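From a predicted model like this one, the values you see are computed outputs, not experimental measurements. All ligand and atom numbering here is 1-based and tracks the order in the structure. Hydrogens, waters and symmetry mates are skipped; everything else that's a heavy atom, side chains included, is used.
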Amino acid sequence: MGWPGWFLPAKTLKMILFKKSSDLRHWLKSQKEGGRKTGFVPTMGALHEGHMHLVASCRSLADLCICSIFVNPAQFNDPKDFEKYPVSLEKDIEMLTKAGTDVLFLPAVPEIYPQGETGLEKYDLGELEFILEGRYRPGHFQGVCQVMSRLLKLVEPDHLFMGQKDFQQNLVVNRLIRLLQLPVQFHIVPTIREADGLAQSSRNRRLTPEQRKNAAAISQALNDIRQKMVAGDTGPVLEAAREILDAAHFKTDYISISRSADLKPIVNWNGKEQVLALIAAFQGDVRLIDNMLLN
Ligand code: AMP
C-alpha cells in the first residue's frame, strides 16, 4: 500500500535542526521575508511511511517543509503510555533528510512548556472534547491543543499537514485554528496502510508478531462496516464488526458510526449524510485507532 512519493530525489540532502524556538523563529523570519511559503508537519517521532507521505504532500505545496518531533507529555492521560512511546531519533532524522525535509524542530519539554504543565490555558472544544477518544482519554485533546497552539504560533505556517488516521484530532485542530484565527490552510492526508490493511502507526512496533497478525482485524472490521452499511439501524453492522474484533482478541474501547462533520453517533442512517466508522481497541497493552469514510 506504500506510496512512492518519498522516494523522489530529495531537493536537498541537508536538513537544518533547531532545538530552540528563538533560533527557529529567527531563521523562519528571514525565509518568509524572502517570500517563501512554509508547510508544517507536526509529529511525535518514531516515524514511518505515513509520516513521509505528509512530508511529500508538504513538499508538493510549500517552498519549505518544516517538521517537528515532540512527544507531548500534556496529551498522555496514561503516564505508562508516555513512558513506552517508541523513540528512534537517529532513524527519524535519516528518513526526514532523505524525504527532503528542510527543517526539523526538536524541542525539549521546557522549550515548549517553560512554565511547566500546570495552570495551562483551556480551549472550548465543545462536545468534541468528551466523545470517543475524549471519553477514553480525558484531557487528551486539551493537551493536543496546548502543543499545537504553541507550535502553530511559533512556525506560523502557510500550510499544515496532518493524517486522516487521527480524524477526531483533526476536527479539534480545525476548531483550534478557528479559535485562534490563524491564517493557515489545513490539509488532511489519507491514511497509509500495511499490505494487510493495518494503518501504519508508531505504536505498531510495540506489537508482538502474534498481536501484529491480529491487528489487521481493525481494518477488516472497518471494511466490513463499509460493505454492509445500508440506510436504517446501524446496530447490526456494529455488532458484526465487534465480532471481528473479539475473534482477534481485541479489547475494544469503541466502535462508532458517526457523522463526519462532528462525530455525532448515527443510530439510524438516512443513507445520505456523510458518515465514517471509527475504532479504538487494545491488542495486549497497545492501543490502536483507525477510521474509514463510509460514503
Ligand atoms: P504522530 O507522530 O502519531 O502524532 O502522527 C503525526 C502525524 O502523522 C499526525 O497528523 C497523524 O495523523 C499522521 N499519521 C500517523 N499515522 C499515519 C498514517 N498511517 N498515514 C498517514 N498519516 C499518518
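- Within ligand 1, counting atoms from 1 as listed, the ones closer than 4.0 Å to a heavy atom of Tyr85 are 3 (O).
- Trp269 and Leu132 are members of different hydrophobic clusters when ILVMFWY side chains are connected at heavy-atom separations under 4.5 Å.
- Which parts of ligand 1 touch Pro190 is read off a 4.0 Å heavy-atom cut-off, strictly below it: atoms 20 (N), 21 (C).
- The residue Val41 has no part lying near ligand 1, judged by heavy-atom distances below 4.0 Å.
- Side chain to side chain, Thr191 and Gln164 fail the donor-acceptor criterion of an N or O pair below 3.5 Å.
- Looking at Asp78 and Lys84, no side-chain N of the basic residue comes within less than 4.0 Å of a carboxylate O on the acidic one, giving no salt bridge.
- Of the protein's heavy atoms, His51 NE2, 3.7 Å lies nearest to atom 1 (P) of ligand 1.
- Taking distance alone, with nitrogen or oxygen atoms compared against 3.5 Å, Ser202 stays at or beyond that limit from ligand 1.
- For ligand 1, the polar-atom distance check against Met44 finds a nitrogen or oxygen pair separated by under 3.5 Å.
- Only the backbone of Pro42 comes within 4.0 Å of ligand 1, counting heavy atoms alone; no side-chain atom from C-beta on gets that close.
- The pair Arg242-Asp246 fails the salt-bridge criterion, with no side-chain N (NZ, NE, NH1 or NH2) lying under 4.0 Å from an Asp/Glu carboxylate O.
- No part of Ser201 comes within 4.0 Å of ligand 1, judged by heavy-atom distances.
- Counting only N and O atoms by type, the side chains of Arg150 and Ser21 include no donor and acceptor under 3.5 Å apart.
- For Arg193, no heavy-atom contact with ligand 1 is shorter than 4.0 Å.
- Looking only at distances, no side-chain donor or acceptor of Asp102 sits under 3.5 Å from a matching main-chain atom of Ile16.
- Under the 4.0 Å criterion applied to side-chain N and carboxylate O atoms, Arg287 and Asp253 are assigned as salt-bridge partners.
- Of the heavy atoms in Phe70, none comes closer than 4.0 Å to ligand 1.
- Scanning the protein for heavy atoms near atom 20 (N) of ligand 1, the closest one is Ile192 N, 2.9 Å.
- In terms of protein heavy-atom proximity, atom 11 (C) of ligand 1 is nearest to Asp166 OD2, 3.1 Å.
- Atom 17 (C) of ligand 1 has His48 CE1, 3.6 Å as its closest protein atom, hydrogens excluded (heavy atom only).
- Side-chain polar atoms of Asn72 and Tyr113 form a donor-acceptor pair below 3.5 angstrom.
- Short contacts between ligand 1 and Met162, defined as distances under 4.0 Å to a heavy atom of the residue, involve ligand atoms 10 (O).
- For ligand 1, the polar-atom distance check finds an N/O of Gly163 within less than 3.5 Å of one of the ligand's N/O atoms.
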